[in-house]
Number of protein chains: 2
Amino acid sequence: MKIDAVDFFYVAMPEVTTDADGSQDALVVRVAAGGHIGWGECEASPLASIAAFVTPMSHGACRPVSASVLGARLDSAADIDAIAAKVAYDSMDLLQAPHTWSGIEMALWDILGKARGEPVWKLLGYQKAFPKTPYASRLFGNTPQETLEGGRSARAAGFKAVKFGWGPFGTGSVEDDVAHLDAAREGLGPDGILLVDAGQIFGGDVEAAAKRLPALERNRTTWFEEPFHAGALGAYAALGARTSSFRMAGGEAAHNSYMAEHLIDFGKVGFVQIDCGRIGGIGPAKAVADYAVAKGVTYVNHTFTSHLALSASLQPFAGLEAHRICEYPVAPRQLAVDLTSNHIVPNANGEIVIPDAPGLGIEISAAALERYRIDVRIEIDGKPIFVSPHA
Amino acid sequence: MKIDAVDFFYVAMPEVTTDADGSQDALVVRVAAGGHIGWGECEASPLASIAAFVTPMSHGACRPVSASVLGARLDSAADIDAIAAKVAYDSMDLLQAPHTWSGIEMALWDILGKARGEPVWKLLGYQKAFPKTPYASRLFGNTPQETLEGGRSARAAGFKAVKFGWGPFGTGSVEDDVAHLDAAREGLGPDGILLVDAGQIFGGDVEAAAKRLPALERNRTTWFEEPFHAGALGAYAALGARTSSFRMAGGEAAHNSYMAEHLIDFGKVGFVQIDCGRIGGIGPAKAVADYAVAKGVTYVNHTFTSHLALSASLQPFAGLEAHRICEYPVAPRQLAVDLTSNHIVPNANGEIVIPDAPGLGIEISAAALERYRIDVRIEIDGKPIFVSPHA
């Protein structure tokens, strides 16, 4: 097969708010090769990722992503690796390129799986896909009472694990955060798995983050996610060394596998969270999963958008039975629900079963692509270089 | 002062080739604040960087760079730091944001310097700007003979140091590379400073790069730059440990100060090369210079474009007398020459003297902005969100 066409669909909710909710827009990628159609999704900032595909070349090490993709051969996983290497080299100086490439890469796996009649996790070398325990990902409430109720409703919906993040956490006093952490545990009940996501609020300030340690420990937190800037590896390691009751988590910002490996080796995280829509797709995510296994670190997906992105993000660790917990967007905006015709829903045990269908096993709704469509037109010297396609 | 306006000028040569020559296009940024005008330059892929400024918000942690910049207060270096922190946080998920912000940040320093009547290096806390020894940055020739002649002509032009990079290096046999390294030394003469830039050609393959070590040692190379992917910290450290006759160099890809610090701490480079047009501007570059001093590593600018970018890139280490060598684009495309009305030229000793003038001390040519202008128009749902301005 050859890659015949790559189309980008920018979709968004009618109103996009400043909530830290990544399901408010999406960049869906459709790839055509050898008569097959594959779908992928780039994480965040659709316009910038479209620009990285169509931009004029700046020089030999700053070519548009399109130059490495269109017309390339696609018959094997090795072909995907080869295109990935070409993007990394020829778009070296184009910072946005890994995000653009991520969505395309997912679609290439989807095509390869469809062509072979096999789920992507089999193409990755796994014999079996083990069910995952989903955690409900929620924002902290505006008040501790709201946080408590959020925990209760997540448990009532059948989730054993709940992650609270962002919102007011870290923006006010230590006492405020303690009240939220106590409320989270109370709402969750004594046997729930409590995960906390600080959303980088402490920058690089280890002492500020450390003031929350006693309440995190007392409430039996399983992980403390992204207290710091994604690059502040020393701060992650320093804070992690101050507690033995839980582990640091991070990695969603990694835009290549090296960054995730450094977070493991130098940031000493216990959980590495990979967003397939940013790291360059499923291939580098699988490499990180292998690395995590070797280093005794738990691999977790990072997914806050559609079930297309969710399926893609589950493939890299589908066969790792001991890496059990998975992020599951529990209350996404309607766009993310409508975007796919089928969904990955918890089974009777409250577990997530990864699709056992060709490719990623998710159908995109053409109607949703039209309904939420954002029409983009980019012209260079009066000539259009990108015009939003219709589904 | 308040930041009143930010304008982007995308300029390019009539023909852009696949040469690894970053002077073929440019994204020049003009900022207006308090009646002053400042200028900056973003490194690489103008369209993607424009998109990161104007893109609609995806969510609270993925806002356009414009949201943090327009209307912000600008009265001190601390104000620039505050805007930088806001960009890092509010555009956390917008990968291209640091490149866009870099050019704006330079312009803010330019304005602050003009408002105070002081060069930027004084605002950074330096009492004196020491002259630098420029190295001529060249591509390897297509043949060893061309490489030899390149070395000779650089010496004839008065350069004591010459860097050869990219071109055929690493793409053919070990013998080919040995011939080029021998030719480079011969052309340079026995007393010239030889620098070699492999342009990431070895990916993460330490053994392949190591085969070039004997010829690099024999030809008394001062640094071996970017043999590997910018993130392959372990490979840099492993290769560096195999020789004591020269040091590894890298850092141009760093898009925040953490990345440069990790290259020092974990990649064990001896030279850290910072591009102010990528790392987030002059402020984080100065932080890396301070870090390099503390760690016994030599700071070097990375600059392959106009003399506006050159001036910006010299400010962060202007006052470091012992960090003497500087990159000087010796044969840029005509665009990069024409872009500024004044230039930084070697003095009678062949040294580079950093401008002692308010701000960055470089005037932009409005005529060149028009002559090389690339006209960009971006529409969302039929409404223009960016239209190239006229100078």
Side-chain angles (χ1 to χ4, degrees), chain A residues 12 16-25 43-48 50-52 54-63 85 88-89 92-96 98-99 166 199-200 203 229-234 253 255-259 261-262 265-266 278 374-382, chain B residues 12 16-25 43-48 50-52 54-63 85 88-89 92-96 98-99 166 199-200 203 229-234 253 255-259 261-262 265-266 278 374-382:
Chain A
V16 172
T17 74
T18 56
D19 286 357
D21 179 343
S23 70
Q24 302 185 77
D25 69 6
E43 173 50 13
S45 202
L47 183 66
I50 291 169
V54 299
T55 184
M57 170 169 72
S58 283
H59 55 82
C62 192
R63 306 185 208 201
Y89 197 74
M92 189 188 289
D93 289 349
L94 208 182
L95 190 48
Q96 189 71 19
H99 284 197
W166 296 78
Q200 301 192 16
H229 185 290
L233 302 183
H255 57 81
N256 57 56
S257 56
Y258 294 116
M259 293 174 74
E261 292 169 15
H262 299 153
D265 290 341
F266 308 126
R278 294 182 189 157
I374 299 287
D375 193 26
V376 177
R377 181 181 177 88
I378 304 176
E379 291 178 7
I380 295 282
D381 288 337
Chain B
V16 173
T17 73
T18 56
D19 286 357
D21 179 341
S23 70
Q24 302 185 77
D25 69 6
E43 173 50 13
S45 201
L47 182 65
I50 290 170
V54 300
T55 184
M57 171 170 71
S58 283
H59 54 80
C62 192
R63 308 184 206 201
Y89 198 74
M92 188 188 292
D93 289 350
L94 208 183
L95 190 49
Q96 188 71 20
H99 283 197
W166 296 77
Q200 301 192 15
H229 185 290
L233 302 183
H255 56 81
N256 58 54
S257 56
Y258 293 117
M259 293 174 74
E261 292 169 15
H262 299 153
D265 290 341
F266 308 126
R278 294 182 188 156
I374 299 289
D375 192 26
V376 177
R377 182 181 177 89
I378 304 176
E379 293 177 6
I380 295 282
D381 287 338

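The figures here come from the full heavy-atom set of this structure, side chains too, leaving out hydrogens, waters and symmetry mates. Every chain is numbered from 1, with letters handed out A, B, ... down the list of sequences.
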Residue pair B:H262, A:F266: steps toward the ring pair (Phe, Tyr, Trp, His ring centres under 6.0 Å) verdict: CA-CA 9 Å; B:H262 299 153; A:F266 308 126; 7.4 Å; no
Please determine, among [options], the option with the most heavy-atom pairs under 4.5 Å with chain B.
| options | answer |
| --- | --- |
| A:A12, A:G382, A:A85, A:G22 | A:G22 |
| A:P46, A:S257, A:C62 | A:C62 |
| A:I50, A:L233, A:L94, A:D265 | A:L233 |

Non-neighbouring partners of A:H99 that pass ring pair (Phe, Tyr, Trp, His ring centres under 6.0 Å), sequence neighbours left out: none
For [Y], does its backbone N or O pair with a side-chain atom of [X] as donor and acceptor, under 3.5 Å?
| X | Y | answer |
| --- | --- | --- |
| A:D381 | B:D375 | yes |
| B:Q24 | A:H59 | no |
| B:S58 | A:S45 | yes |

Do you know which of [options] has the most heavy-atom pairs under 4.5 Å to chain A?
| options | value |
| --- | --- |
| B:G231, B:A51, B:A20 | B:G231 |
| B:A44, B:A48, B:A232 | B:A232 |
| B:G203, B:G199, B:A88, B:A52 | B:G199 |
| B:E43, B:M92, B:E261 | B:M92 |

Close side-chain approach of A:P98 and B:L95, heavy atoms under 4.5 Å: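 Answer yes - side chains close enough.
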Can you find a pair of side-chain heavy atoms, one from B:M57 and one from A:T18, that are under 4.5 Å apart?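 Side chain of B:M57 against side chain of A:T18, heavy atoms only: contact under 4.5 Å found.
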Is it the backbone or the side chain of [X] that comes under 4.5 Å from a heavy atom of chain B, or both, or neither?
| X | result |
| --- | --- |
| A:M259 | neither |
| A:T55 | both |
| A:D93 | both |
| A:D21 | backbone |

About how many Å separate CD1 of B:I380 and CZ of A:R377, when rounded to the nearest 0.5 Å?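 These two atoms lie 12.5 Å from each other.
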Chain A contact via B:A253 - side chain, backbone, both or neither, heavy atoms under 4.5 Å: neither
